Amino acid sequence: MPHFRLLKHSSLSVNAPLVDRQPPESRVQRRRLRACHECDWVSALPPLRSGEKASCPRCSHVLVKRHRYPAQRSMALAIAALIALIVAISFPFVSFSVSGVGNRIELSQTATTLIAFHQPVVAIIVIMTIAVLPTLYLLSVIWLQLGLLHGKPLAYSRDIARSLAHLTPWMMADVFIIGALVSLIKIAGMAQIELGISFWGFCIFAVLLLMTIQSIDADWMWFSLEGEPLAPEGTQTGATAASQRLTGCPTCGLVNSLTPGHKSRCIRCHEKLHSRLPYSLQRTWALLGAATIMYIPANVYPIMTTTSLGHSSSSTIIGGVVELIQMGSWPVATVIFVASIIVPVGKLLALSWLCTVVRGNSQPNTISRTRLYRITEFIGRWSMVDVFVVAILVALIRAGSLMSITPGPAALAFGSVVVLTMLAAMTFDPRLIWDAPTKAASTSNNSHSGSH
Ligand SMILES: [Zn+2]
Ligand SMILES: [Zn+2]
């Protein structure tokens with residue numbers, strides 16, 4: 001075992017700007033160990049150049065992605081995204097007119113109009129996912145990087161950095177853009193549409209927000225904020241963390257030791273630690289059950305009611321798809337069908353299947369099951385498209401008896417299906433997929449991964 005040199009916290013808080021220094025691997029002489037968050041395998045991080053990433057040797061989950069000048073880059077992108085968001089909320093978003101009567105809306109009205117129709121929960125979901133959470137995220141990034149660029153982390157940096165990862169899945173600006181496009185195509189035949197400055201501002205904001213999220217080099221950020229405490233003595237690569245009474249921190253990646261029967265927190269970022277997420281299967285089943293129940297009213301009740309020249313008609317989710325097909329908008333019909341039917345049903349089935357098979361004694365196809373879980377986790381938020389379509393159309397199409405659209409009870413039911421299935425994917429612990437075959441695999445893989 002090589003001689004390890006402990007890097008003390010104090011050695012990091014010298015005055016030179018932290019980000020101008022070399023990346024973490026060139027600042028410590030010892031191996032930096034990580035326990036994979038998806039399969040629990042312990043491996044040592046290789047030295048990385050910018051643009052390179054280190055993946056788990058067992059399940060190929062990305063452990064670290066290295067960027068050049070991560071602090072400057074994230075800071076610049078976050079500021080640009082925030083400016084685009086300010087533009088997006090300050091100008092008209094889109095306007096429509098039919099037979100001379102029209103309406104022009106601002107972005108915030110997509111949420112506030114829903115409150116007028118007694119849909120406060122849907123309004124909160126919309127405003128949180130498209131504006132509030134992204135703003136919090138961007139301000140957090142700016143706060144963190146500002147501290148790092150000045151060589152001294154600002155107050156609450158550790159807590160803020162920890163919350164970044166938790167916010168990420170709930171930001172849906174990109175999904176909202178798709179919702180806006182679907183809405184516009186839906187009404188393009190019936191009314192004249194004009195896109196405002198805010199529409200383009202929001203498109204730019206959505207792209208910049210995605211780029212900001214991509215630009216975060218969490219490994220470098222945590223190293224710059226809190227240094228890197230040593231992994232517990234005797235930690236071995238090429239075995240699972242659980243078999244060594246260790247666990248990898250889900251937020252900063254550090255390998256921590258666990259005391260059985262005690263609630264542990266990460267020594268670097270203070271995140272709660274669990275060898276496996278507590279009651280993972282029970283919680284996932286409960287959320288899946290609730291989502292399945294909500295999926296019934298989501299499809300039975302109308303999602304919106306259109307009134308045109310005194311005649312009103314309600315449409316369900318599937319009814320909306322049929323209408324679009326009759327209009328000849330095959331691409332939009334496909335988008336709504338995939339987002340509102342295929343994705344939620346597929347998610348419910350995939351997670352139920354994973355919850356069932358992880359109880360088995362032997363676990364074949366671990367790689368493909370992990371891949372299935374990753375897809376499930378990734379696509380979940382795209383189901384929100386139809387909820388955003390309702391929010392936009394209800395706010396925009398308000399020309400009295402000439403033409404107006406009101407939300408139906410299915411909007412709330414369907415919104416909760418999306419949130420519940422997202423939570424279900426989060427409570428499922430993918431490490432359970434790998435648990436049964438650990439013994440057989442650890443002997444055959446030891447030689448391979450130990451050489452890192
Ligand atoms: Zn892994
Ligand atoms: Zn941590």
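We use all heavy atoms of the structure for the numbers below, so side chains are in, but hydrogens, waters and symmetry mates are not. All values derive from a computational prediction rather than experimental measurement. Just follow the structure's listing: the first ligand is 1, and inside any ligand the first atom is 1.
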Do the rings of F388 and F176 sit parallel, tilted or perpendicular, given the 30° and 60° boundaries?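 The rings of F388 and F176 stand perpendicular, inter-plane angle above 60°.
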Going by the angle between their ring planes, with limits at 30° and 60°, are F93 and F202 parallel, tilted or perpendicular?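 Aromatic pair F93/F202 classed perpendicular.
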With the Zn ion (ligand 2) at the centre, find the angle made by SG from C252 and SG from C269, to 10°.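 Result: 120°, to 10°.
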In a check of salt bridge (charged side-chain N to carboxylate O under 4.0 Å, His left out) between D219 and each of K53, R34, K65, which one passes?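 The salt bridge (charged side-chain N to carboxylate O under 4.0 Å, His left out) with D219 is passed solely by R34 among K53, R34, K65.
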Note, L273 side chain near P250 side chain (heavy atom, < 4.5 Å):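 The answer is yes; the side chains approach within 4.5 Å.
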Step by step, work out the side chain to side chain donor-acceptor pair (under 3.5 Å) result for T370 and W434. CA-CA 9 Å; T370 308; W434 297 83; 3.0 Å; yes
Quick check: does C266 put an N/O/S atom under 2.8 Å from the Zn ion (ligand 2)?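 Here the distance criterion (N, O or S atom, under 2.8 Å) is met by C266, so yes.
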Residue and atom names of protein N/O/S atoms that fall under 2.8 Å from the Zn ion (ligand 1):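 N, O, S partners closer than 2.8 Å: C36 SG, C39 SG, C56 SG, C59 SG.
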R73: side-chain hydrogen bond (donor to acceptor under 3.5 Å, both in side chains) partners, not counting sequence neighbours: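 For R73 there are no side-chain hydrogen bond (donor to acceptor under 3.5 Å, both in side chains) partners, ignoring immediate neighbours.
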For side chain to side chain contact (heavy atoms under 4.5 Å, CB included), just list the numbers for H61 and C36, CA-CA rounded to whole Å, side-chain angles, deciding distance to a tenth of an Å, and then say yes or no. CA-CA 7 Å; H61 173 60; C36 176; 3.8 Å; yes
